[in-house]
A.B. asks: 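Structure in structure tokens, see below.
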Amino acid sequence: MLDRKFVRENMAEVEQMLANRKTKLDLAELGRLDEQRRELQHKVESLRHEQKQASEKIAQVKKEGGDVKAVIQSVGVISERIKAMEPELKQIDEQYDALLMVVPNMPGPETPVGQSEADNVELRKWGEPRAFDFEVKDHVDVGEGLDILDMPRAAKLSGARFTLLKGDGARLSRALVNFMLETHAKNGYREIAPPFLVNSPTMTGTGQLPKFAEDLFKVDGKDKDLWLIPTAEVPVTNIFRDEILDEGDLPKAMCAFTPCFRSEAGAYGKDTRGMIRVHQFDKVELVWITKPDESEAAHERLTRDAEGILQALNLPYRVMDLCTADIGFSARRCYDLEVWLPSQQAYREISSCSNCWDFQARRAGIRYKSKGQKGTNFAHTLNGSGLAVGRTFLAILENYQNADGTVTIPEALRPYMGGQETIEPPKAEPTVI
RNA sequence: GGAGAGAUGGCAGAGUGGUUGAAUGCGGCGGUCUCGAAAACCGUUGUACGUUUAUAGCGUACCGGGGGUUCGAAUCCCCCUCUCUCCGCCA
């Protein structure tokens, strides 16, 4: 959420931002409502002031044993007027808030202005894509060949866009999670195990609601409605919702492993094969809460920490600086990490590292207080995948596949796989007796 | 699921419907004292919105959340949420 005052005083800038983001919105209406709201609020408040003073007088006169009938009657008129105005004020207030809540964040001056994802800027590239001397298979063929990935049965269980990992596949996925969490812990991140179902205020705090409800899965309970998290960013960032932190408590660096649930509405026909785009995937997320003057450094740090995982796994990738047309709703600046996929001969997103500035903090009421300073400040929030486990898994199957159909396990993961070095087709099932 | 208790400022804890943004204690901050510290003593101590050049003043709101009664609600009524205790169920 943008600051009301900022919007009021910088309409042209906000207008330009919306154009850069290719977002259409009725800003004039927002301005009108804001003006109406202030005008009406002023009227109501001065009436309340009158009423308050008269009420105090009643108390005083009554105490002295005087007759208060006439005064009460005259105050009653004021009260009636206030009551008549209140619903309108409330309505305007709600309308204004509803509009402000769907205004995206202002990209920073460093964020490239662009027309589409084609205008994203490559910042750096790491690793050399491997030269294969055989025909590469995609992760589905590799995984199903080893019987560690079973898309048809996933579809039987749940439908399209679900995965079923088996044997060493499930194990490799678990090893990835452990490897990532252990690495981040070493780098100073505090591990969080949050709820996977959250309420609406939580979804609103990070910006998923109200605008992107159709991207989410909702759980209709008997007496409570909850949403499945699309990323751990949601519960972890909201840990400090409506709290005033001490300056000394910042920055906070947290990591969390969770499954993520996304409806992928509007992605029909996109990445339909395999586990690239699915309704449920695992992810290890990095979240920072910082003071304003720390967030840019934290953004670089967070991105490097995510890159560290790819480097440790020796997966080639590049870092993209997302342009205004491609950057997320809550982000001021965003770096995407894209991993090399041999089957597609392309780099594909595996992490998205965003500096949300004070945008989420304002929505969620995440503030901090400095010593000797009056008032509070909004913190800055950042998040990034470190990494998407499903996509890391498939990147390993593709980049580490061998001509005989087996997959070499990256060295960094071997300690988490009992020293195992390759994934081979399963041996015979154990006998019962 | 059944029965009961509760939710007040950073914490603890008062609060007969009328100068209550809210006693008191602790904590925090500033000061006196001290070579320094502790103790003691004195002072101070929330958030948001509006107005304003102003983190000054002034105004309004906020005692879990939302409605209602009233000239006036932390205090009375209704609904919701959460916490705690006991019973039942359960990984």
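Only this structure's heavy atoms are used, side chains among them; waters, hydrogens and symmetry mates stay out. This structure is a prediction, so every number in the text was calculated from the model and none was measured. The sequence lines fix the lettering, A, B, ..., with proteins before strands; numbering per chain opens at 1.
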A.B. asks: Mind checking the P distance from A5(B) to C79(B)? Whole angstroms is fine.
C.D. replies: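 Comparing P positions in A5(B) and C79(B) gives a spacing of 15 Å.
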A.B. asks: Would you mind checking if Arg332(A) and Asp358(A) are paired as a salt bridge, meaning a charged N to carboxylate O distance below 4.0 Å?
C.D. replies: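 Looking at Arg332(A) together with Asp358(A), the answer is no, because their closest N to O distance does not fall below 4.0 Å.
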A.B. asks: Given salt bridge (charged side-chain N to carboxylate O under 4.0 Å, His left out), test Lys186(A) with Asp305(A) step by step and report yes or no.
C.D. replies: CA-CA 11 Å; Lys186(A) 269 182 217 146; Asp305(A) 288 335; over 6 Å; no
A.B. asks: Does either side chain, that of Asn355(A) or that of Ser295(A), offer a donor lying less than 3.5 Å from an acceptor on the other one?
C.D. replies: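 Yes, Ser295(A) and Asn355(A) have a side-chain donor paired with an acceptor closer than 3.5 Å.
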A.B. asks: Mind checking the C1' distance from G18(B) to C11(B)? Whole angstroms is fine.
C.D. replies: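 The same atom, C1', in both gives a distance of 30 Å.
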A.B. asks: When you check the gap from the basic side-chain N to the acidic O, do Asp93(A) and Arg4(A) get nearer than 4.0 Å?
C.D. replies: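 Looking at Asp93(A) and Arg4(A), the cut-off is met.
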A.B. asks: Going 5' to 3' along nucleotides 43-50 of chain B, which nucleotides have protein heavy atoms under 4.0 Å from the base (write B), which only from the sugar-phosphate (write S), and which from neither (write -)?
C.D. replies: ---SSSSS
A.B. asks: Indicate whether any N or O donor in one side chain lies under 3.5 Å from an N or O acceptor in the other, for Gln360(A) and Thr206(A).
C.D. replies: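 Short answer, no.
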A.B. asks: Would you check if there is a donor-acceptor pair between the side chains of Gln420(A) and Asp168(A) at a distance under 3.5 Å?
C.D. replies: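 Yes - a donor-acceptor pair under 3.5 Å links their side chains.
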A.B. asks: Is it true that Phe393(A) and His139(A) have ring centroids separated by less than 6.0 Å?
C.D. replies: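 Here the rings of His139(A) and Phe393(A) have centres that are no less than 6.0 Å from each other.
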A.B. asks: When rounded to the nearest Å, what value does the distance between P atoms of G46(B) and G21(B) take?
C.D. replies: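 Here G46(B) and G21(B) have their P atoms 15 Å from each other.
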A.B. asks: Determine the Euclidean distance between corresponding P atoms of A54(B) and C49(B); express it in Å to zero decimal places.
C.D. replies: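 Going atom to atom, P in each nucleotide, I get 14 Å.
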A.B. asks: Would you give a per-nucleotide map of nucleotides 68-75 of chain B, 5' to 3', where B means the base has a protein non-hydrogen atom under 4.0 Å away, S means only the sugar-phosphate does, and - means neither?
C.D. replies: ---BS---
A.B. asks: Using the P atom in both, what is the distance from C80(B) to U24(B), to the nearest Å?
C.D. replies: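 It works out to 38 Å between them.
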A.B. asks: Applying a 3.5 angstrom cut-off to the pairing atoms, does RNA chain B sit in any stems of at least three consecutive Watson-Crick or G-U pairs? List them by first number.
C.D. replies: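 B:1-7 with B:81-87, B:10-12 with B:24-26, B:27-32 with B:40-45, B:46-51 with B:57-62, B:64-68 with B:76-80 - these are the stems of 3 or more pairs that involve RNA chain B.
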